[in-house]
Amino acid sequence: MRSVTLKAPAKLNLGLRITGILPNGFHSLESVFSAITLADEVEVAISDGSRGTSLRCTGFPSPEGPSNLVWKAAELFRAETGYTGSIYIRLHKNIPSPGGLGGGSSDTAAVIRALVKLTGLEVDVIELGSALGSDVPFFAGGFSHAVVRGRGELVEGCSVPEFHAVLVSSGERIPTPVAYSLWDEGGGHLTEPWQISNYTALNFGVWHEGKPFPVRLDNDFLPVLSRRFPGVERAAGILSETCVNWGLSGSGPVFYALYPYEKEAVEAEENLSGKFPWVFRCRSRQIGASSNG
Ligand code: C5P
């Protein structure tokens, strides 16, 4: 049996704009995705013989059968490549789900990458992954930071200044499809896509006058979700009173507050602990940096 163990990082959405509705019912977005040091751990092992696929999950609860995205990733890999050996997956979940942090997509990308490495069989990791989740192309491409557009398949690497982050969750369960249908029902207005100058400015992004980026951290889901989920509304209220740079990640319910220095993040963590069911401090993941927070 041969095995590979990978970290599957979470991402934050540093601003999220819904810019269109696609013919297939999906929405087009524009967002800066930023990988952080909070990560799941994925171990994939293969062996000859056909004992099928098996999955063991620890940490935050995650289904241990075919409904798990990582299982689907393994099956799709078999279908694409004809691989028939045994696939054993061990998943340790540190990323809350659903959280808006892309945990499932990141795990999926990690499994596909691990299978390519272990079997030596070629697949288009990004194409295979995007069939499983809209956020997979970002993770499958191995980016630290990127401007993501379309349904999630248009990914352009960018630079983002290093930051420390405190994450908080309202603890409410908000599956992604629910967030999108609430946005649809609310007659959500579309936000104008960025001008090209925003992309240029982003790549010179440094902490300046207390602001991390030439990027607004607004998230188009926030007004919609605040109306339906009291915990989201409460979290937004607490963060707007106590933090300068904060936002909702993806379709929630995890929020983040960003700081240039660790000391400020530690103070914020102390201040926010006890006010939310889950609080976690981490930092941006820069290429080549240790992924252990
Ligand atoms: O691809 P993912 O698993 O993230 O999508 C879950 C659901 O969220 C989709 O079935 C779709 O209803 C909605 N979605 C969307 N537009 C996106 C991403 C997701 O409408 N860009």
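Every number for a ligand or one of its atoms is a count from 1 in the order of the listing. Model, not experiment: these values are computed from the prediction.
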Are Arg17 and Glu192 within salt-bridge range, i.e. N to O under 4.0 Å?
no
Should the heavy atoms of other residues, nucleotides or ligands under 6.0 Å from CZ of Arg228 be counted, would the total exceed 12?
no
Residue shell around ligand 1, heavy atom under 4.0 angstrom:
Gly25, Phe26, His27, Gly133, Ser134, Arg151, Thr176, Pro177, Tyr180
I'd like to know whether NZ of Lys275 has more than 12 heavy-atom contacts from other residues, nucleotides or ligands below 6.0 angstrom.
yes
Checking Leu154 now: which residues fulfil side chain to side chain contact (heavy atoms under 4.5 Å, CB included) with it, not counting sequence neighbours?
Arg149
Can you see whether Phe60 has Lys93 sitting over its ring - NZ or CZ less than 6.0 Å from the centre and within 45° of the normal?
no
Look at Lys72 together with Glu75 and state whether they make a salt bridge at an N to O cut-off of under 4.0 Å.
no
